[in-house]
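Here is the structure we will look at.
Reminder, nothing fancy here: chain letters follow the sequence lines and each chain counts from 1.
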Protein chains: 2
Amino acid sequence: MRDVCVVGLGLIGGSFLRAVSKPERSVWGATTSEMDAKTAASNGFDVDTDVDGALRKAAERDAIIVLAVPLPAVEAVLRQVARVAPQCLLTDVTSVKAPILDAVRAISPQLRYVGGHPMAGTADSGWAAGKAELFTGAAWVLGVERDTDLGDWKEIARLVLEIGAHVVPLPAASHDETVARISHLPHLLAAILASIGAEGGPLAMSLAAGSYTDGTRVAGTRPELVAAMTEGNKAALLPILDEALGRLGAARGSLASTGGLIATIKDGHKGAEMLLAARENNRASVRIELTEANAWERLQDLGERGGRITAVDATSAHGEI
Amino acid sequence: MRDVCVVGLGLIGGSFLRAVSKPERSVWGATTSEMDAKTAASNGFDVDTDVDGALRKAAERDAIIVLAVPLPAVEAVLRQVARVAPQCLLTDVTSVKAPILDAVRAISPQLRYVGGHPMAGTADSGWAAGKAELFTGAAWVLGVERDTDLGDWKEIARLVLEIGAHVVPLPAASHDETVARISHLPHLLAAILASIGAEGGPLAMSLAAGSYTDGTRVAGTRPELVAAMTEGNKAALLPILDEALGRLGAARGSLASTGGLIATIKDGHKGAEMLLAARENNRASVRIELTEANAWERLQDLGERGGRITAVDATSAHGEI
């Protein structure tokens with residue numbers, strides 16, 4: 001059981017450090033936030049503010065390094081890893097995948113990197129908000145490209161499965177396009193709705209009921225976090241924003257001309273039913289031999305079709321779709 | 001205690017009929033839905049499919065008439081009322097107010113009409129979905145115009161307060177503009193988000209988490225209901241859709257040019273905080289003498305500023321803001 005070094009100890013990194021801690025494994029972390037480091041240490045974890053030291057220790061012990069720093073800090077830490085611990089197996093939890101993969105390739109193509117993104121979180125942030133159970137049952141995207149070392153991939157997958165998440169194998173581009181649809185666009189629409197509601201003043205707040213409360217809930221998330229994840233996914237998000245502008249503009253045009261909105265509304269209703277149907281449990285089992293030449297393609301295909309990996313053994317991955 | 005005749009017995013009309021039923025008051029209803037009429041009658045209520053008969057009985061007994069038919073059916077029933085029961089005090093529960101007020105004035109300016117709109121509902125519809133407690137604690141808009149008879153207004157307000165709702169006095173135009181912001185726009189944004197999510201296929205459904213689920217929840221509402229309420233509020237909804245297009249377009253432009261979304265996101269965050277602040281309970285009491293010449297203006301002002309009427313007595317209305 002390989003040791004684990006976590007860099008960045010906010011909500012996700014802090015929850016991960018807690019989740020992977022067990023007697024038979026050394027686990028340590030570092031964060032530049034003195035407050036998070038102090039609280040984590042006082043909670044009994046091996047944590048301080050010396051990122052370089054933590055990475056050197058990872059190199060000595062051949063630990064897995066988990067990058068859980070905010071997106072704008074990733075490149076600098078990648079350079080540190082390339083300098084201090086270039087042999088270590090490396091993953092991250094950042095909410096975009098293609099820009100990180102590009103950065104890894106630009107900084108040091110030799111790094112053994114498997115990108116990750118847990119689809120879990122709360123509106124809170126920082127070490128204090130974390131908990132070991134945060135990832136139970138959550139989807140955790142793990143990047144698979146044509147050149148991904150599936151031995152490395154399997155080792156990260158095993159760690160993620162160990163803490164209760166399900167692995168969704170995906171190429172970076174699919175991940176980024178999909179989170180633009182189902183996470184970044186919802187955050188921006190919630191912000192826009194909350195701004196337009198606020199323009200209506202106290203009267204609007206007094207009449208606001210379920211549709212408004214539901215539609216604006218994530219607008220309460222810390223703005224810096226939402227900005228980092230949406231701005232960091234610019235390339236994938238722009239066409240999704242255009243799709244939203246197109247649909248909203250078409251609805252506006254239809255209302256102004258024929259007076260009809262039923263096409264927009266029926267499309268949305270179909271979408272709502274699709275989500276419900278996807279959550280019904282009627283999945284088939286899948287087994288993928290990781291030693292076969294096209295295994296990377298089969299993994300990608302499983303993820304693209306909405307499937308998940310739920311277990312790995314010595315030579316294969318077991319999933320459902 | 002005046003008798004009550006309810007025309008239209010879906011979710012709102014059916015809940016209202018149940019809520020106002022008590023031993024010391026005669027309550028009856030009519031609906032063109034044979035299924036709703038049959039179920040309501042089998043539940044022990046005085047209900048059938050003879051709308052004309054129900055209105056004639058209202059005229060004989062000087063009952064309050066409550067119009068709870070779908071928006072597209074309102075004009076036809078208003079004509080029936082004008083023909084059969086023109087002296088009766090009349091209210092409605094339709095989700096737009098200016099178009100109904102215009103229709104009343106066009107059909108018969110003599111009708112004693114006070115427009116109403118309860119801000120309550122569920123995604124379900126029909127008599128079977130109704131319940132007497134639906135309106136407990138809900139805001140119930142009651143129209144106040146310069147020429148509104150405040151004696152009539154007070155009588156409808158008393159009925160609404162009796163069933164547990166709070167009265168928000170508003171001119172029709174303010175109502176329509178505000179529901180476009182906090183109800184009709186949220187429904188359309190939810191539909192658009194659900195369509196864009198669905199375009200992402202099973203992968204998008206598999207990665208969808210809280211922001212998507214919250215943002216698309218009301219897209220599950222019956223499309224015909226959402227179409228009727230949004231299309232019926234066309235005049236007020238168009239400028240709100242333009243506001244949404246403007247804000248979304250500005251966000252898109254900013255992301256494409258400077259890469260920044262923080263202005264959009266911070267505006268939304270402020271809006272989310274405004275809703276939370278409005279729900280903290282630190283309200284002041286207000287008393288409005290309904291016999292004073294400017295009472296209509298004071299009522300409108302209370303509503304516009306986010307206040308509610310919580311009681312009425314012989315000559316005054318008591319509220320909080």
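Most heavy-atom pairs under 4.5 Å with chain B, from the set Gly259(A), Ala277(A), Gly201(A): that is Gly259(A). Each of Pro202(A), Ala198(A), Ser211(A), Ala191(A) has some count of heavy-atom pairs under 4.5 Å with chain B, and the biggest count is that of Ser211(A). Note on Gly303(A), Ser174(A), Ala256(A): by heavy-atom pairs under 4.5 Å with chain B, the leading option is Ala256(A). The greatest number of non-hydrogen atom pairs below 4.5 Å with chain A, out of His166(B), His117(B), His269(B), Arg308(B), is found for His269(B). Note: Ala208(B) leads Gly215(B), Ala208(B), Gly197(B), Gly210(B) in heavy-atom pairs under 4.5 Å with chain A. In terms of heavy-atom pairs under 4.5 Å with chain A, the best-connected choice from Ser183(B), Gly307(B), Gly232(B), Ala138(B) is Ser183(B). When each of Ala139(B), Gly200(B), Ala278(B), Ala190(B) is checked for heavy-atom pairs under 4.5 Å with chain A, Gly200(B) comes out on top. With respect to chain B, the highest number of heavy-atom pairs below 4.5 Å among Leu185(A), Leu276(A), Ile321(A) belongs to Leu185(A). Per-residue counts of heavy-atom pairs under 4.5 Å with chain B were compared for Thr230(A), Val218(A), Leu261(A); the largest is that of Leu261(A). When each of Asp267(B), Leu245(B), Leu241(B) is scored by its heavy-atom pairs under 4.5 Å with chain A, the top score falls to Leu245(B). Interface check for chain A: of the options Gly249(B), Ala194(B), Ala228(B), Ser195(B), the most heavy-atom pairs under 4.5 Å are formed by Ser195(B). Each of Ala251(A), Ser254(A), Ala120(A), Gly260(A) has some count of heavy-atom pairs under 4.5 Å with chain B, and the biggest count is that of Gly260(A).
Residue contact with chain A, scored on non-hydrogen atoms closer than 4.5 Å, is absent for Lys270(B). Of the two parts of Val226(A), the backbone and the side chain both hold a non-hydrogen atom closer than 4.5 Å to a non-hydrogen atom of chain B. Contacts between Ala204(B) and chain A at a heavy-atom distance below 4.5 Å involve backbone atoms as well as side-chain atoms. Using a 4.5 Å cut-off between heavy atoms, Arg217(A) contacts chain B through its side chain alone, with no backbone atom that close. In this structure, chain A has heavy atoms under 4.5 Å from both the backbone and the side chain of Glu304(B). Proximity to chain A (any heavy atom under 4.5 Å) is shown, for Glu199(B), by both the backbone and the side chain.
When every heavy atom of Ser206(B) is checked against every heavy atom of Gly306(A), the shortest pair comes out as CB-O, 3.7 Å. In terms of heavy atoms, Gly268(B) sits closest to Ala219(A) at O-CB, 3.8 Å. What you find for Tyr212(B) and Ile182(A) is that their closest heavy atoms are CB-O, 3.4 Å.
Put simply, CG on Leu238(A) and CZ on Arg252(B) are 5.0 Å apart, with the number rounded to the nearest 0.5 Å. For the atom pair CG of Leu189(B) and OG1 of Thr264(A), the computed distance is 11.0 Å after rounding to the nearest 0.5 Å. How far NE2 of His184(A) is from CG of Leu255(B): 11.5 Å, rounded to the nearest 0.5 Å. With values rounded to the nearest 0.5 angstrom, Leu193(A) atom CG is found 10.5 Å from Glu243(B) atom CD. Note that CE of Met205(A) and CE of Met274(B) are 5.0 Å apart. Values are rounded to the nearest 0.5 Å. Rounding to the nearest 0.5 angstrom, the gap separating the CG atom in Leu203(A) from the OG1 atom in Thr178(B) is 3.5 Å.
Side-chain contact check for Thr213(A) versus Arg279(B): some heavy-atom pair is nearer than 4.5 Å. The shortest side-chain heavy-atom distance between Ile265(A) and Thr221(B) does not fall under the 4.5 Å cut-off. For the pair Glu231(A) and Ile262(B), the minimum side-chain heavy-atom distance is below 4.5 Å.
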